[in-house]
Amino acid sequence: MSTIKKIEAIIPPPAAHMVGDGFRVHGFFPGGRISKQRMSPFFLMDYNSKVEFPPTDKPRGVGVHPHRGFETVTIAYHGRIAHHDSSGNSGIIGQGDVQWMTAASGLLHKEYHEETFAKEGGMFQMVQLWVNLPAKYKMTAPKYQEITNKMMGKYQLSDNKGVVEIIAGEYDNAKGAASTFTPIQMYNARLKMDAEIDFKFPATYNTGILVVEGSVTINNETAQADHFVLFGNEGELISIKASEDSILFVLSGEPIDEPIAQYGPFLMNTMKEVQEAIADVNAGKFGVLED
Ligand code: MN
């Protein structure tokens, strides 16, 4: 018999800020009531709520910057993002797709609105998540997982009431597409009005749900679009009912019980390692990428 997972807070979107000129994000964590370890293994979540970008010939975005010690996961709900990195990889993240980039020992990359999307302009909505790596994987080789919507395991609700897309982990018998370094469950639940669904995650896992679209009742509390539901480390069961057509970004993971030292785009265990990362970037060890 599992017990109801306690809701610790339903957090409204913090004031938005720009990342480069292409991402207008609400930084849900770390910050506010969510400390750097509170959602471990998830370190950071920037949410670009729906925004209409006007057409432009010069794609908006973020120029060349390094990362070391973690993974960036980009989930596109509206619009398309192009990326390039210093090991020669590039690609486009389309609507409904996910890019899972393991920066690990380090790379340089840039993230821009895809050219045609930029030219035409339009609705843009996405999440970028930083997933921490345990010390023993921080200096492994970088890699990419391009996860198209088609590749994700799908759990169909009965009576056409919606679908759970499994990005990582599993739900029922449907398996996620991403390989992860620590146990992680990550889904998009696309629910029709009145759909009901339960999720169960261990009490020890850090768990949250971002309401991307619509409005839902979660364990008898109401959560509106653009709000983040933070669960306490008590109980397992999450019972959801959609009040209207809704999209939920569901995440739960086993905490990484190690110290965190973060500075800018580096997420290490000690400040000495952060300083080494900065020295390595300056020494050109992260490679070369044109702006
Ligand atoms: Mn980046």
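No hydrogens, no waters, no symmetry mates; every other heavy atom, side chains included, goes into these values. Order of listing sets the numbers, starting from 1, for every ligand and every atom in it. Quick caveat, the model's predicted, so the values are computed rather than measured.
- Side chains of His84 and His109: a donor-acceptor N/O pair is absent below 3.5 angstrom, by distance only.
- For the Mn ion (ligand 1), the count of nearby protein N, O or S atoms, meaning those under 2.8 Å away, is 4.
- Within the structure, every pair that satisfies the salt bridge (Lys or Arg N to Asp or Glu O under 4.0 Å) test and touches residues 59-74, not counting sequence neighbours, is listed here: Arg68-Asp280.
- Partner of Phe199 under the ring-ring contact (aromatic ring centres under 6.0 Å, His included) criterion, out of Tyr171, Phe231, Tyr205, Tyr155: Tyr171 alone.
- Not a single salt bridge (charged side-chain N to carboxylate O under 4.0 Å, His left out) links Glu196 to another residue, sequence neighbours left out.
- A centroid separation of less than 6.0 Å is found between the aromatic rings of Phe228 and Phe29.
- Asp194 is linked by a salt bridge (charged side-chain N to carboxylate O under 4.0 Å, His left out) to nothing, counting only residues two or more places apart in sequence or in another chain.
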